[in-house]
Amino acid sequence: MEDFLQQLNENQRNAVLYNEGPSLVIAGAGSGKTRVLTYKIAYLLKNGISPYNILALTFTNKAAREMKSRIAAIVDENIARRLWMGTFHSIFSRILRREAENFAYQSDFTIYDAQDSRNLIKAIIKEKELDDKIYKPSVIQSRISLVKNALITPEKYEKDRELIGDDHFHRKGRTHEIYSAYWNRCRASGVMDFDDLLLYTCLLFEEKPEILERYRNQFRFILVDEYQDTNSVQHEIVCQLAAEHHRVCVVGDDAQSIYSFRGANIGNILNFRKTYPESKLFKLEQNYRSTQTIVDAANSLIKKNKEQIPKTVFSKNDVGEKIRILSAYSDYEEGYNVASRIAEMRMLHQYDYNDFAILYRTNAQSRIFEEALRKINIPYRIYGGLSFYQRKEVKDVIAYMRLITNLNDEEAFKRIINYPARGIGDTTLSKIIGAATFQGVSLWKVLSNPLDYNLNINTGTAKKLEAFQLLISRFAEANVLQNAYELGSEIVRKTGLINELYADRTPEGLSRVQNVEELVGSLYEFVTNRLEEGRPDVKLGDFLAEISLLTDQDIDKDEHASRVTMMTVHSAKGLEFKNVFVVGLEENLFPSELSKNSAKEIEEERRLFYVAITRAEKNVILTYAKSRFRNGQPQMCSPSRFIKDIDRDYLCLPGNLAFDRLDKPVFGSTHNHTSFHSPQKTVQESLNTNSQKLLPIKEKQPTVEQVQSIGSLSVGNTIRHERFGLGKIVELTGENENAKASVVFESFGRKQLLLKFAKFEVIKYD
DNA sequence: GGCCGGGGCATTTTT
DNA sequence: TGCCCCGGCC
C-alpha cells in the first residue's frame, strides 16, 4: 500500500493523507490532480472505508470512468465498482429516482435534453402569443437555466424584484410567466431537464431532512473534482451533505474556471475557506505535463487577471521550444499553414497524428481546418458536432421509447404522433395541446379520452388518433414483460419507422438506417452487459436513464486511431496533447466580441486561453489571420490582445512582424483570399473530397475490423475494443448470431461480447 | 404532408 | 457562408 504513496510528491501526498476535515486542493494545470483524487480514494478504501460511504463527483462521465478504472487497478475491482462516483447529474438522478415518490414524480421520469426543453419553451411562447423576436427561446432557455442554477423556483422568481425589474427593463416582462408555465408543463409531463436534476435534489434535501440525514450518514467522505466550475446548486448540495462531518475535499483550479456563462460560480472555490474556516489548503504547483517555456508563458498570461488564488506553477521538464506565432492573410491561409506545419513537424520529429490538436474558440472555425487537412490527407477527428443521440432518426426512435416508459412525456409525444406520417396534422395536434393545457393534463390523457375533452375532430381523425393510442398502449403493456432490446427492435419495425428510412436509398438515407440499427445494437449490448452483471430484467427505462446523460465525449471515437484532434478550447479542458495549435487568435474572436462588455468576461476569456496553452506538452503554436470570412462577410482582424499578454521572452514572432505592430490591423489584404491557395485540386483529390462528403454520418467511424465469424478468433487473442480497450479472449461460445466471446479487459474486467455487435480489432493472434 | 426558397441569424455548453 | 425556420405551393 505504501508504494503507491511513494509515487506522489510531498504536497500531493499530504493532500491524499488528510481526510479528517475539509480540504481545498488547488491544482495547477498538469499538476497531477486526477492522481491525487484517485490515490486519495484508493487510500480511503485501503484503510477499510466502505466504497458505499464515499461520494466522488466529477463533471464528465469520462472523468468518472477513468478514475474508476484507475482505482480498480489499485484496489479490488469489485470494490471500486461500488463507489458512488459519477457526474453530479448521474449521481443525483439516481438519488431522485430512488426518492421520486417523495416529491410526486415517478421513478422513471424522463430527462429532457437541451433541444427538448427549448422546443417546449418555444411552444409556450407561441401559445402565449408572444413575439419570439423579443422572447427568443434560446435566450429564455438560458435565463431559466441560470435562475434554476441559482436555486430560484418560479415562486421565488415572481417575488424577486430585481429579476422582475430586469425583465421589464429589457421589455421581457412576461418571462416569469414562461418560466412558470415551463415548470408546470415539465411536472405535468413527468420530465426533468438537466438543471432540474440538481435543483430537485437540493429542494428534496431542504424539504425532507430525514432523507438528507440518510445520505449524510451514507456519504461520510465527499470529494469533488473541478470545483471551480460548480454552480450554486451544486455547491449547496455539497454543503448540505457535508454539513455535519465536514469531510469534504474539493479539487480545482481557479485559473481554469471557464463556465461562468453557464452559471458556474468561481466564488465557490474562492470562498471555500470562508465556508469552512478550519479547512486545510494544499497547493499542487509542479506541472508534470509541459515544458518550462509553456508553463512560464502561461503564468505570465494569467498574471494579468486580478481575481485569483496566488500560486506559482513551475515545471522541471526541459525548457523546450518557444511559443510560435503564425500570422496569415486569410482564414484559408491559416488553415493551410496549420495543416502544412503539422505535416512538417510530423516528418521532422516522428510525431503521430494523435500528438496534435487544433483548438479554436468557436465550432464554426472547424470547417476551414477540415478542408485544409483533407487536402493534404491528414486524418482528423472532430469533437462537438451532433452527437449520436442527437441525430434526428435516433431521437425519433428514442422518442417512442420515452413515450412508452412515460406516457406523459410531451415532447416525445409531439415528436412522433405523426412520424411516420399517419395523417394527424398540426391542426389536430393543436387541439389536443389546447385541451391539455386548458385542463392542466398531459397530451396522452387527452388522447386517451378524446370525448371527455370535447376535441372538435371528425371521425376520420378520431380513428387515426385511436390507432396511435392503441399502438403506444400495446407497447407500454409489452414493456412490462419484454426486455429493452426485444421491445426496442419491435418498435423500430411495428411503427413502420425502419421501412420509412429504408425507402430512402441515398447515402444519407442509408446512414440513417445504419444509425437506427446501431441504436438497436447498443440496446442489445446494454441488455447483455446488464445480464452479465446479474441483472436480468432490463427495461427500456433503464436504457433511457443511462443514455440521457451521455454526451458526444462519451461516445467512443476510437482514441487509438491516429488522427489530429479538433475541438473547442472548452471541450479540451482536462486533456493533453504533445503539440497544440490555438487558432483564430484575433480580437473579437478570441476574446469573443460578446465578452468585451466587462472586465470579468475578459478575464474568463483569458482563463480560457490559459486552458488552451496548458494543454500542450511540447509545443504551442498560436495563429491568427488578418482577414476572415465571418457571417458571409470578409472582415479585417487584428491580433488578439492575449498574444501581448504573454511575456515576449517566451514567444517566437514571425519574422515579418515586429512585436509593437501586433495590435495594428493590417489593411489591404482582403484580395489575398484566393491568391494564396495551394495548387489546383487534382482529380484524385476531388474524388477524395467527394467521397468524404458522401461517407455516412459515422464518417469518423474507425476502421476497426468487424469480426463476423468465430472462425478467425481463438481463445488467447488480444483484442482492442472500441469502448473497453485492451483485453484477452478467454472463452468463445455459441455460433453465428449468438456467437459470444468472454474477454478480460485491462481496465473493465471480464465482459461478454456478442460478436454480432461488438466492435473491436484483433491486436495479437496468439 | 412534403418540398422548395427566401429571410434572418450567427459564442463557448462537462450534464 | 451555411443553417434553420417559416410560409407558400403543390
So is A:Lys392 actually on top of A:Tyr419's ring, under 6.0 Å and inside 45° of the axis?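 Checked: cation-pi criterion met.
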If you define the side chain from C-beta out and look only at heavy atoms, does anything of A:Asp253 sit under 4.5 Å from A:Lys33?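 No, their side chains stay 4.5 Å or more apart.
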Contact check, side chains of A:Leu544 and A:Ile398, non-hydrogen atoms, under 4.5 Å: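 Yes; the side chains approach each other to less than 4.5 Å.
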Is a side-chain N or O of A:Glu576 found less than 3.5 angstrom from the main chain of A:Gly30, in a donor-acceptor match?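 Side chain of A:Glu576 to backbone of A:Gly30, a donor-acceptor pair under 3.5 Å: no, none is there.
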Would you please test A:Phe581 and A:Phe369 for ring pair (Phe, Tyr, Trp, His ring centres under 6.0 Å) and show each step? CA-CA 11 Å; A:Phe581 291 81; A:Phe369 293 98; 8.7 Å; no
In whole angstrom, what separates [X]'s [atom1] from [N]'s [atom2]?
X	N	atom1	atom2	answer
A:Arg422	B:dG1	CZ	P	11 Å
A:Asn231	B:dT14	CG	C1'	12 Å
A:Asp113	B:dT14	CG	C1'	15 Å
A:Ile91	B:dT14	CD1	P	19 Å
A:Asp229	B:dT14	CG	C1'	8 Å
A:Lys573	B:dT14	NZ	P	11 Å
A:His570	B:dT12	NE2	P	9 Å
A:Gln228	B:dT14	CD	P	15 Å

Just checking [X]: base, sugar-phosphate only, or nothing, at a heavy-atom cut-off of under 4.0 Å?
X	value
A:Asn61	sugar-phosphate
A:Phe88	nothing
A:Ile368	nothing

Quick one: classify the glycosidic conformation of B:dT12 as syn or anti, with syn meaning within 90° of 0.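 Judged by the O4'-C1' to base torsion, B:dT12 sits in anti, the angle falling more than 90° away from 0.
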What class does the angle between the rings of A:Tyr179 and A:Trp183 fall in, given that below 30° is parallel, 30 to 60° is tilted and above 60° is perpendicular?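 Taking A:Trp183 first and then A:Tyr179, their aromatic rings stand perpendicular (interplane angle over 60°).
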Return a table of donor-acceptor pairs under 3.5 angstrom between the side chains of residues 122-133 of chain A and protein atoms on other chains or two or more places apart.
{"unit_1": "A:Glu127", "atom_1": "OE1", "unit_2": "A:Arg185", "atom_2": "NH1", "d": "3.0"}
{"unit_1": "A:Glu127", "atom_1": "OE2", "unit_2": "A:Arg185", "atom_2": "NH2", "d": "3.0"}
{"unit_1": "A:Asp131", "atom_1": "OD1", "unit_2": "A:Lys133", "atom_2": "N", "d": "2.8"}

Using a 4.0 Å heavy-atom cut-off to protein, can you give one letter per nucleotide of nucleotides 2-11 of chain B, 5' to 3': B if the base is in contact, S if only the sugar-phosphate is, - if neither? S------SBB
First encountered from the 5' end of DNA chain B, between A:Ser548 and A:Glu604: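 The 5'-side residue here is A:Glu604.
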Does A:Gly423 or A:Lys62 map to a spot on DNA chain B nearer the 5' end, using the closest nucleotide for each?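 It is A:Gly423 whose nearest nucleotide is closer to the 5' end.
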Using nucleotides 3-9 of chain C, report all nitrogen or oxygen pairs with the protein that are shorter than 3.5 Å.
none

We want to know whether A:Glu226 and A:Gln228 form a side-chain donor-acceptor pair, criterion being a heavy-atom distance below 3.5 angstrom.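 Side-chain D/A pair, A:Glu226 to A:Gln228: present.
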Quick one about A:Asp193 and A:Tyr182 (side-chain donor to acceptor, distance below 3.5 Å, no hydrogens or angles considered), yes or no?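 A:Tyr182 vs A:Asp193: donor-acceptor pair found between side chains.
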Rounding to an integer number of angstrom, what distance separates C:dC5 and B:dT12 when you compare their P atoms?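 Between the two P atoms, the distance is 16 Å.
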For the atom pair OG (A:Ser638) and OH (A:Tyr624), what is the distance rounded to the nearest 0.5 Å?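 Taking OG in A:Ser638 and OH in A:Tyr624, the distance rounds to 9.5 Å.
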